[in-house]
Amino acid sequence: MELRIELESQAQRLELFGPADSHLRILKNAMGVQITARNGSIILAGEEALVHRTAEIIDQMQRRLLQRKHLTEADVKELLSLSGGIKPQTERNDIIEVYSNKRIIEPFTPGQLRYIETMLKNDMTFCIGPAGTGKTYLAVAVAVSMLKKKHIRKIVLARPAVEAGERLGFLPGDLHAKVNPYLRPLFDSLEGMMEFVQMRKFMEMDIIEVIPLAFMRGRTFNEAIVICDEAQNTTVSQMLMFLTRLGRESKMIITGDITQTDLEKGQISGLVDAIRRLRDIAGIGVVELKRADIVRHKLVHKIVQAYDQNKKES
């Protein structure tokens with residue numbers, strides 16, 4: 001049979017095809033189909049089952065390219081391995097399934113892989129690292145994946161509502177208007193993993209709850225994943241309050257960047273204090289992501305490096 005695939009991004013055509021069409025040659029040799037690139041599309045010809053499998057791999061290549069902004073020969077071979085096109089060298093269990101079928105969520109660095117493994121292994125995980133390392137995004141992805149697989153019944157996302165004391169009364173508007181600017185990054189992470197209508201439905205059903213940290217006092221969360229983001233801005237007492245909300249069959253993930261603490265001078269970060277006290281307890285994992293784990297725009301890595309250098313010189 002013959003199948004034509006229209007490319008999603010003409011601008012990234014060369015990156016998709018590889019140097020001198022090397023990526024297409026890898027596919028052709030592995031799958032045993034004819035592949036022709038023509039006028040912004042790819043034409044596949046061969047046995048029907050192989051053509052459809054090759055088309056699925058090309059779709060995955062396009063999605064990975066859109067996500068990572070680059071595609072390597074190793075990426076193509078990895079996708080072939082996962083599809084059964086060639087014998088996989090190792091069995092992978094690090095690809096995170098979410099509700100959206102438009103994205104592949106997976107670790108880009110060894111540090112991120114270690115982070116995912118730690119979250120799955122432990123009931124409580126602390127993760128620290130600079131901006132852009134995927135601390136919050138991967139935590140939300142693991143939570144959504146576990147919800148989809150029905151390993152948990154609820155996701156709770158919390159943040160300190162203001163930098164150093166949650167003084168919501170000084171902000172204009174009702175409660176939603178007051179806290180929304182602080183919780184927006186958590187909504188952004190969720191929106192990449194499920195359709196907006198589904199996210200809204202889950203929130204209406206209280207399956208997903210996004211709340212300021214102060215509103216967690218007195219509660220216990222069972223069969224849930226509870227995530228505390230920007231935890232470097234918690235006080236010691238706030239962190240203790242949060243950690244003791246852990247209920248049966250639940251997990252907690254606490255993330256933050258300890259180099260960007262906004263607490264008042266002299267106050268100890270609850271995140272730093274908790275890691276110091278708890279890191280050697282069984283069932284609690286601690287992961288520190290580095291500059292090498294930054295996966296945002298390449299300039300973010302250079303910006304973090306420049307500021308770190310400035311700190312060393314001052």
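For the numbers below, each heavy atom of this structure counts, side chains included, while hydrogens, waters and symmetry mates do not. Numbers for residues simply follow the sequence, beginning at 1.
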(request) Indicate the atoms forming the closest heavy-atom contact of Ile227 with Ala143, along with that distance. (result) CD1-CB, 4.1 Å
(request) Give a yes or no answer on whether the side chain of Thr54 reaches the backbone of Leu50 with a donor-acceptor pair at less than 3.5 Å. (result) yes
(message) Please determine whether a side-chain nitrogen of the Lys or Arg among Arg4 and Glu2 lies less than 4.0 Å from a carboxylate oxygen of the Asp or Glu.
(response) no
(message) Ignoring hydrogens, what is the shortest heavy-atom contact between Thr234 and Cys228? Give both atom names and the distance.
(response) CG2-SG, 4.4 Å
(request) Could you tell me whether the side chain of Lys154 and the main chain of Asp206 form a donor-acceptor pair under 3.5 Å? (result) yes
(message) Counting C-beta onward and ignoring hydrogens, is there a side-chain heavy-atom pair between Pro107 and Leu138 closer than 4.5 Å?
(response) no
(request) To the nearest 0.5 angstrom, please state how far the CG atom of Leu71 sits from the CG atom of Leu65. (result) 5.5 Å
(request) Measure from the side-chain N and O atoms of Asp293 to the backbone N and O of Thr133, and report whether any donor-acceptor pair falls under 3.5 Å. (result) no
(message) What I'd like to find out is whether the side chain of Pro130 reaches to under 4.5 Å of the side chain of Thr259, using heavy atoms alone.
(response) no
(message) Are more than 12 heavy atoms, taken from residues, nucleotides or ligands other than Arg25, located less than 6.0 Å from that residue's CZ atom?
(response) yes
(request) Answer whether the closest heavy-atom distance between the side chains of Ile253 and Tyr115 falls below 4.5 Å. (result) yes
(request) Determine yes or no for a side-chain-to-main-chain donor-acceptor pair under 3.5 angstrom, with Ser250 supplying the side chain and Arg248 the backbone. (result) yes
(request) Look up atom CD1 in Ile208 and atom NZ in Lys201, then write down how far apart they are to the nearest 0.5 Å. (result) 12.0 Å
(request) Any chance you could measure Lys251, atom NZ, to Ile152, atom CD1, to the nearest 0.5 Å? (result) 10.0 Å
(message) What I'd like to find out is whether the side chain of Val144 reaches to under 4.5 Å of the side chain of Ile155, using heavy atoms alone.
(response) yes
(message) Between Met61 and Asp75, is there a side-chain heavy-atom distance shorter than 4.5 Å?
(response) no
(request) Taking the side chain as every heavy atom from C-beta outward, state whether Met194 and Lys148 have any atom pair closer than 4.5 Å. (result) no
(message) Donor-acceptor check, side chain of Ser269 to backbone of Gln232, threshold 3.5 angstrom: yes or no?
(response) yes
(request) Would you indicate whether Glu73, at its atom CD, is surrounded by more than 12 heavy atoms from other residues, nucleotides or ligands within a distance under 6.0 Å? (result) no
(message) Please check: side-chain N/O of Asp21 versus main-chain N/O of Phe17, any donor-acceptor pairing under 3.5 Å?
(response) no
(request) Answer yes or no: does atom NZ of Lys28 have more than 12 heavy-atom neighbours from other residues, nucleotides or ligands under 6.0 Å? (result) no
(request) Taking the side chain as every heavy atom from C-beta outward, state whether Leu278 and Leu243 have any atom pair closer than 4.5 Å. (result) yes
(request) Take atom CD1 of Ile43 as the centre, draw a 6.0 Å sphere, and report whether it contains more than 12 heavy atoms from other residues, nucleotides or ligands. (result) yes
(message) Quick one: does any side-chain atom of Lys135 pair with a main-chain N or O of Ile128 as donor and acceptor, under 3.5 Å?
(response) no
(request) Answer yes when Arg277 and Asp273 have at least one side-chain N-carboxylate O distance shorter than 4.0 Å, and no when they do not. (result) yes
(request) Compare all side-chain heavy atoms of Phe221 with those of Met216 and state whether any distance is below 4.5 angstrom. (result) yes
(request) Write down the atom of Asp257, the atom of Ala131, and the distance for their closest heavy-atom approach. (result) OD2-N, 3.8 Å
(request) Would you mind telling me which of Ile225, Val140, Asp229 makes a side chain to side chain contact (heavy atoms under 4.5 Å, CB included) with Leu157? (result) Val140
(request) Might you point out which heavy atoms bring Leu44 and Ile35 nearest each other, and give the distance in Å? (result) CD2-CG1, 3.7 Å
(request) For the residue pair Gln60 and Gln62, confirm or rule out a side-chain donor-acceptor distance under 3.5 Å. (result) no
(request) Give a yes or no on whether a salt bridge exists between Lys121 and Glu117, defined as a side-chain N under 4.0 angstrom from a carboxylate O. (result) no
(message) To the nearest 0.5 Å, what is the distance between CG on Leu190 and CE on Met203?
(response) 7.5 Å
(message) Restricting to non-hydrogen atoms, name the atom on Ile42 and the atom on Leu24 that form the minimum distance, rounded to 0.1 Å.
(response) CD1-CD2, 4.2 Å
(request) Over all heavy atoms of both residues, which pair between Met252 and Leu246 is shortest? Give the atoms and the distance, please. (result) CE-N, 3.5 Å
